[in-house]
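Notes follow once the structure below has been shown.
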Amino acid sequence: MSDVRTLPLVIFGVVLAITLVITYWASRRTRTATDFWAAGRGISPLQNGFAIAGDFMSAAAFLGVSGLMFLYGFDGFITGVAALVSFIPVLLLLAERMRNAGRYTMADLLTFRLNERPARTAAALGTLFVAAFYLVAQMIAAGALIEALAGLTFPVAVAITGAAMLAYVIFGGMLATTWVQIIKAVLLLGSVAVLAIWILGRMDFNPSQVLARAADRSGEGDAYLGPGLFFAKPLDSVSTGLAFALGTAGLPHILMRFYTVPDARAARASAGWAVLLIGIFYVFVSIVGFGSRALLGPAGEKLAGEGGNLVAPYTAEFLGGGAGTAGGDVFFAVISAVAFATILAVVAGLVISASGAVAHDFFNSIVRRGRMQERTEIAVARIAAAAIGVVAILLALLAGKEFNIQFLVGLAFSVAASANFPALLLSVVWRRFNTTGALAGVAFGLITSVTLIVLSPTVWPGPDSEGSPFPLSNPAIVSIPVGFLGCVLGTLLSHEGAAARRFHELRVRSETGMGGDATVAGHA
Amino acid sequence: LSEAPTHDWEGLERSREFQRLVSERRRFVVPAIAVFVAWCGGFIVLTGYAREFLSRTPIGSLSWAYILALSLILMTWLIAWLYLRWCDRHVAPLAERLTDEDDEVRR
């Protein structure tokens with residue numbers, strides 16, 4: 001892996017340059033905290049739809065899903081579909097309510113009617129844990145990708161990605177992050193569409209033929225087209241499916257995007273656009289996943305790497321004419337660069353949500369009890385972003401590149417679904433829900449999911465080892481119910497009267513948008 | 001968050017308009033969530049416990065697994081589109097009216 005490839009590096013460079021120009025432009029428009037975390041609430045629904053899709057169509061979703069499908073067939077697609085479907089609870093239950101009643105972070109929704117400091121601490125912790133798992137997954141993807149595609153070493157590649165992501169967030173805030181996200185979403189959708197249509201074109205535009213050939217060259221026959229090759233245990237596929245189907249509703253960087261639009265209607269509409277775009281994306285990805293098996297066959301397994309993560313660029317190379325041909329090189333470089341842009345954009349979104357948890361939730365609201373100057377708050381956010389970025393870079397280097405990244409993201413989803421989702425949901429629908437309930441729910445969900453991940457076969461005491469104390473690779477099927485149990489027990493066993501009173505206010509505000517930003521701005 | 005003429009949140013919550021708004025939204029959300037839970041939950045359970053069935057290929061080489069997965073994507077699009085339409089027609093006008101009336105009262 002020592003031969004440095006020039007063409008991919010040049011295209012990476014172009015992508016970097018474009019995004020940095022955007023960052024410079026955005027930095028001149030980022031003054032207030034609303035600018036920094038919510039892009040001044042001036043993003044249109046269509047733009048936000050693309051940005052949400054951009055946040056969501058991570059390298060894991062593109063490289064990880066197609067890689068898993070290439071190696072194990074249909075099992076790879078389960079996470080993708082479940083992840084898309086999870087936008088239904090987000091759209092129906094959370095999107096508008098977040099926009100109507102919150103300000104910058106996921107914690108805002110919880111703390112509005114609960115006792116501020118403890119509830120915010122819990123939500124900030126939930127945010128940080130999810131962001132950490134997710135960030136590490138993306139950084140590993142970036143490192144492995146650049147190493148394999150451009151010939152730089154893994155640590156150098158991780159460091160470059162980290163530096164770029166920090167530049168976007170620290171200087172450009174949410175505005176830069178949003179535009180990087182939009183550009184990347186357009187590039188990624190375009191590339192996946194071209195790949196998928198090209199693959200279909202090779203097989204008479206008949207999807208059935210793609211699947212037939214893929215099954216044929218998998219050595220597994222029709223079993224390749226059904227579940228069970230990756231998730232050996234039935235409960236493993238159920239648990240992973242659950243994590244993805246409920247996880248989105250607890251992903252802080254996705255929820256935060258709903259603050260960037262002007263009102264509730266725009267929040268709804270942006271979720272609608274996002275669902276459309278992400279759905280199209282996954283249909284194409286499934287064709288790329290099966291198609292890569294049909295085209296490359298078993299010979300592709302070595303190229304694709306251990307987690308299968310690199311199969312998409314190599315499929316592109318094959319379509320372009322094969323290794324060493326001009327067409328193959330160019331197409332390979334373009335797909336690699338798009339994957340790289342994807343990672344940059346997603347890590348930026350994650351870092352900005354984590355910086356909100358540290359600066360807005362923790363320092364300003366908890367430590368300084370909301371007395372912090374806005375300028376100081378943004379300064380703290382920038383420092384926090386830098387610190388989080390450095391920690392993520394170090395963790396990625398420690399974890400190494402052997403993990404399948406979609407799988408790591410699955411763990412982030414299960415923490416999101418177990419720690420964040422129950423409390424967010426109940427704060428909206430359950431009148432009696434109180435602070436103790438939220439604390440207990442987040443704590444139970446977080447501790448259970450993280451502990452079970454440590455005890456699972458993937459981590460204990462090294463990847464894919466036998467004899468781990470917890471049999472499933474994804475804890476969601478246990479930890480989501482435990483999270484809900486924590487919320488319910490905490491609420492029922494404590495005596496707090498205050499929560500119900502503010503429930504009226506939260507309810508009216510979240511349903512109608514009354515007393516929200518527009519009104520506050522009018523006073524300022 | 002306290003601004004001069006405060007909202008009467010409890011009164012607003014009890015008002016008939018607000019109750020209508022909530023029930024209009026609920027009329028869509030409750031069945032939609034039920035469809036989501038049944039369809040998506042059913043799919044997830046099948047991937048664990050009906051693997052042999054899902055590997056069968058009823059149409060050409062398209063397996064039941066793939067067909068069901070695509071149907072979930074269609075379901076998501078359909079629910080999202082219907083919800084946006086529902087809100088524009090049944091919910092948003094009520095929210096607007098409530099906000100306007102409240103502004104009148106507090107003026």
Side-chain angles (χ1 to χ4, degrees), chain A residues 74-75 77-78 80-82 84-85 87-89 91-93 96 206-213 215 222-228 231 233-238 241-242 245 264-265 268-269 271-272 275-276 279 282-283 286 290 501-502 504-505 507-509 511-515 519-520 523, chain B residues 1 3-4 7 9-10 12-14 18 21-22 25 28-29 32-33 35-36 39-41 43-57 59-66 68-70 72-77 79-81 83-84 87-88 91-92 94-96 98-99 102-103:
Chain A
F74 183 77
D75 267 351
F77 198 38
I78 297 176
V81 175
L84 169 73
V85 173
F87 265 94
I88 292 179
L91 172 63
L92 299 185
L93 301 172
E96 300 163 62
N206 180 357
S208 166
Q209 203 182 323
V210 178
L211 270 68
R213 279 205 217 169
D222 282 355
Y224 183 79
L225 305 176
F231 301 112
K233 302 187 189 84
L235 263 187
D236 245 340
S237 29
V238 175
L242 267 185
R265 187 170 190 281
R268 278 198 303 271
V275 161
L276 180 65
Y282 274 122
V283 172
S286 73
F290 282 134
R501 193 158 34 84
R502 289 207 87 178
H504 306 299
E505 185 177 349
R507 190 145 176 253
V508 175
R509 286 181 54 163
E511 294 279 349
T512 63
M514 246 181 238
T519 333
V520 176
H523 280 258
Chain B
L1 287 165
E3 42 210 71
H7 304 264
W9 298 117
E10 270 196 76
L12 280 167
E13 196 194 15
R14 270 196 307 266
F18 185 78
L21 183 151
V22 171
R25 198 194 293 276
F28 185 91
V29 169
I33 292 282
V35 169
F36 161 75
W39 203 325
C40 176
F43 171 74
I44 289 175
V45 171
L46 287 180
T47 62
Y49 296 96
R51 292 175 164 180
E52 201 257 337
F53 163 73
L54 287 182
S55 302
R56 280 185 217 156
T57 51
I59 311 169
S61 278
L62 300 183
S63 59
W64 277 116
Y66 195 55
L68 278 179
L70 295 180
L72 273 173
I73 295 179
L74 283 179
M75 175 206 74
T76 311
W77 284 341
I79 292 184
W81 178 66
Y83 180 65
L84 296 184
C87 280
D88 280 347
V91 181
L94 289 169
E96 226 164 88
L98 260 170
T99 313
D102 183 60
D103 285 347

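Order of the sequence lines sets the chain letters (A, B, ...), proteins ahead of strands, with each chain counted from 1. Given the structure is predicted, the values throughout are model-derived calculations rather than measurements. Heavy atoms only: backbone and side chains are in, while hydrogens, waters and symmetry mates are out.
Of the listed residues (Gly228(A), Gly226(A), Ser208(A)), the greatest number of heavy-atom pairs within a distance under 4.5 Å of chain B belongs to Ser208(A). For the set Ile59(B), Leu74(B), Leu72(B), Val91(B), the entry with the most heavy-atom pairs within less than 4.5 Å of chain A is Leu72(B). Among the candidates Leu92(A), Ile78(A), Leu225(A), Thr512(A), the residue making the largest number of heavy-atom pairs closer than 4.5 Å to chain B is Leu92(A). When Leu12(B), Asp102(B), Leu94(B), Ile44(B) are compared by the number of non-hydrogen pairs under 4.5 Å with chain A, Ile44(B) comes out ahead. Note: Tyr66(B) leads Trp39(B), Tyr66(B), Tyr49(B) in heavy-atom pairs under 4.5 Å with chain A. Between chain A and the options Val45(B), Asp88(B), Thr57(B), Leu46(B), heavy-atom pairs under 4.5 Å are most frequent for Asp88(B). Among the candidates Val81(A), Leu242(A), Leu211(A), the residue making the largest number of heavy-atom pairs closer than 4.5 Å to chain B is Leu211(A). When each of Gly279(A), Ala271(A), Ala82(A), Ala215(A) is checked for heavy-atom pairs under 4.5 Å with chain B, Gly279(A) comes out on top.
Among residues two or more places apart in sequence or in another chain, the side chain to side chain donor-acceptor pair (under 3.5 Å) test is passed with Asp236(A) by Ser473(A). Every residue two or more places apart in sequence or in another chain that forms a side chain to side chain donor-acceptor pair (under 3.5 Å) with Ser237(A) is listed here: Arg51(B).
At a threshold of 4.5 Å between non-hydrogen side-chain atoms, the residues Trp81(B) and Leu276(A) do not count as touching.
In this structure, the separation between CG on Leu98(B) and CD on Glu511(A) is 10.5 Å, given to the nearest 0.5 Å. Of the inter-residue distances, the one linking Leu84(B) atom CG with Arg268(A) atom CZ reads 7.0 Å to the nearest 0.5 angstrom. To the nearest 0.5 Å, atoms CH2 (Trp77(B)) and CG (Leu84(A)) are separated by 8.0 Å. Here Phe36(B) contributes atom CZ and Leu91(A) contributes atom CG; the two are 11.5 Å apart, rounded to the nearest 0.5 Å. Once rounded to the nearest 0.5 Å, the distance linking CZ of Phe87(A) with CD1 of Ile79(B) reads 14.5 Å. To the nearest 0.5 Å, atom CZ of residue Phe290(A) and atom OG of residue Ser63(B) are 6.0 Å apart.
Using a 4.5 Å cut-off between heavy atoms, Ala245(A) contacts chain B through both its backbone and its side chain. For chain A, no part of Arg14(B) is nearby; none of its heavy atoms comes within less than 4.5 Å. Contacts between Tyr224(A) and chain B at a heavy-atom distance below 4.5 Å are absent for every atom of the residue. Both the backbone and the side chain of Arg507(A) come within contact range of chain B, with heavy atoms under 4.5 Å apart. Neither the backbone nor the side chain of Phe53(B) has a heavy atom closer than 4.5 Å to any heavy atom of chain A. Residue Gln209(A): no heavy atom, backbone or side chain, is found under 4.5 Å from chain B.
Counting non-hydrogen atoms of neighbouring residues, nucleotides and ligands closer than 6.0 angstrom, the CH2 atom of Trp64(B) reaches no more than 12 such neighbours.
Across all their heavy atoms, Ser55(B) and Ala223(A) have their closest contact at OG-CA, 4.0 Å.
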Side chain to side chain contact (heavy atoms under 4.5 Å, CB included) between Tyr282(A) and Leu70(B), intermediate numbers included: CA-CA 9 Å; Tyr282(A) 274 122; Leu70(B) 295 180; over 6 Å; no
